[in-house]
Amino acid sequence: MSLLVRGAHQVVTPTGSAARRGPELAALHILPGAVVRCDGPRISFVGDEAEHARRFEPADEVLDAEGGCVLPGFVDPHTHPVWAGVREDELDRRLRGESYMEIARSGGGINATVRATRAATADELLESTLRRLDAFLLHGTTTIEAKSGYGLELETELRMLEVIAEASRRHPVDLHPTCLAAHEVPPEHRADPEAWVRRVIEEIHPAVAGRGLAEAVDVFCERGVFSLDQTRRLLADAPRYGWRIHLHADELSPLGGAELAVELGALSADHLMCVTEAGVAALAGSDTVAVLLPGTSFFLRLGYAPARTLIDAGCAVALATDCNPGSSPTQSMPMILALACLGAGMSVAEALTAATLNAAAALGRAHELGSLEEGKLGDLVVLAGPSHHQLVYRYGVNSVRHVVKGGRVVVREGRRTG
Ligand code: NIG
Ligand code: FE
């Protein structure tokens, strides 16, 4: 099966198989009138239409971009997409002045979602997760990282990870599973958080690893949640399990999570709203990707991570939604790009690379995802407008018209196909 995407005003993509840094973050390839061809799941040609006609047989299927802009599919390297229940009530509480942490400590927050998620069946969780994946796809996201962390007990953590695996099998969006059993201290362990840390290390992590349900591990390293020392112990077995590390680092307080992520060779250090100068320097001198989540800053009405400082220091910056029911309930990467630019001062070109190639690097997949180049997976988006600027210029509007995943058209005219 072959697919030709033609009729684009331009094809816009970063290039390469590693994260881009500094000025290179904005170095996009812009190919006016170019075509993209997929043979099977991979890209076999990107370039001039006449050259394509000379070198290839006509494709089995043609997708007409009708003057739109063709981009790589978005990669969202930090999401919590499996949950039950709603926390809309917390929105009004925060608008009246209560903080995220105050709400969490009064029985809301992560533990409110934990209660609802423990009570939900696997089928219910799968159903709501698949609906959320549709929303990701309709906004141009073709691959996500997906965390557990609303079970906080063995059985429900396993159920969440099994739902992630099943959703990845059933849905065009690919999911990379991360075990986040250390997302919060569950209510039954509030009196003795250390006992919970030991349970995660001795019971939950080995069970998840033994079943092969995670590729990576994460910890919410935060004042009042898990300390640096506890985080270090929670991550000590990651190499033995073959797990990569993502870390919720310096989100609400400057604990030094970025430095710890670098020390442990983490794939990514995420959030970084409160990253220190030492944290920026550590990230700049490492391969750990700085994953920024401007949706969380916007939704919690907090400051943005210092995107310009991180980029100018030479860090590999990526963007993600943080999709979750408490601090960023969105699946829209275009919205995240708008916030990264208009809120955190990135350029549109930087934000596009951060949401594609660098986001793929944050999942260890920059060699096969995140840019439109021969040999990479045929994951792409056709926008309704002529350039990538549409994503930010028309903020809050979904400009994604068609989506191709692994060489197959999965969204046409803004609707799921097949
Ligand atoms: O990334 N920081 C911790 N976890 C999520 C929020 C989860 C929730 O509120 O349900 C985050 O912001
Ligand atoms: Fe998160």
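Worth saying up front: this structure is predicted, and the values here are computed from it rather than measured. First listed ligand is number 1; within each ligand, the first listed atom is number 1.
- Remark: distances from the non-hydrogen atoms of H271 to ligand 1 include one below 4.0 Å.
- In this structure, R132 satisfies the cation-pi test against W83, with its NZ or CZ atom closer than 6.0 Å to the six-membered ring centre and inside 45 degrees of the ring normal.
- Side chains of H139 and T141: no donor on one and acceptor on the other come within 3.5 Å.
- Residue T296 has no N or O atom closer than 3.5 Å to an N or O atom of ligand 1.
- Geometrically, R94 engages F299 in a cation-pi contact, judged by NZ or CZ lying under 6.0 Å from the ring centre and within 45° of the ring axis.
- No donor-acceptor contact under 3.5 angstrom links the side chains of T121 and D123, judged on distance only.
- For the Fe ion (ligand 2), the set of nearby N, O or S atoms under 2.8 Å includes none belonging to H271.
- Protein heavy atom at the shortest distance from atom 6 (C) of ligand 1 is Y100 OH, 3.1 Å.
- Annotation: atom 7 (C) of ligand 1 to nearest protein heavy atom, Y150 OH, 3.3 Å.
- The distance criterion of under 3.5 Å between nitrogen or oxygen atoms is not met by T113 with respect to ligand 1.
- What sits closest to atom 11 (C) of ligand 1 on the protein, heavy atoms only, is D322 OD2, 3.1 Å.
- Under the side chain to side chain contact (heavy atoms under 4.5 Å, CB included) rule, L154 has a single partner from T156, L152, L158, which is L158.
- In this structure, atom 12 (O) of ligand 1 lies nearest to the protein heavy atom S327 OG, 2.6 Å.
- Taking 4.0 Å as the cut-off between side-chain N and carboxylate O, R401 and E66 count as a salt-bridged pair.
- Salt-bridge annotation for E90 and R87: present, with a side-chain N of the basic residue lying under 4.0 Å from a carboxylate O of the acidic one.
- Within D322, the N, O or S atom lying nearest to the Fe ion (ligand 2) carries the name OD1.
- Scanning the protein for heavy atoms near atom 2 (N) of ligand 1, the closest one is E251 OE1, 2.7 Å.
- Of the possible donor and acceptor atoms, none in the side chain of D270 sits under 3.5 Å from a partner among the backbone N and O of H248.
- Listed by atom number, the atoms of ligand 1 under 4.0 Å from I110 heavy atoms are 7 (C), 8 (C), 9 (O), 10 (O).
- Take the Fe ion (ligand 2) as the corner point: the lines to NE2 of H248 and to NE2 of H78 open at 90°, to the nearest 10 degrees.
- Ligand 1 has R87 within reach: a non-hydrogen atom of the residue lies less than 4.0 Å from it.
- The residues R365 and E368 are annotated as salt-bridged, a charged nitrogen and a carboxylate oxygen being separated by less than 4.0 angstrom.
- The protein atom (non-hydrogen) at minimum distance from atom 4 (N) of ligand 1 is H183 NE2, 2.7 Å.
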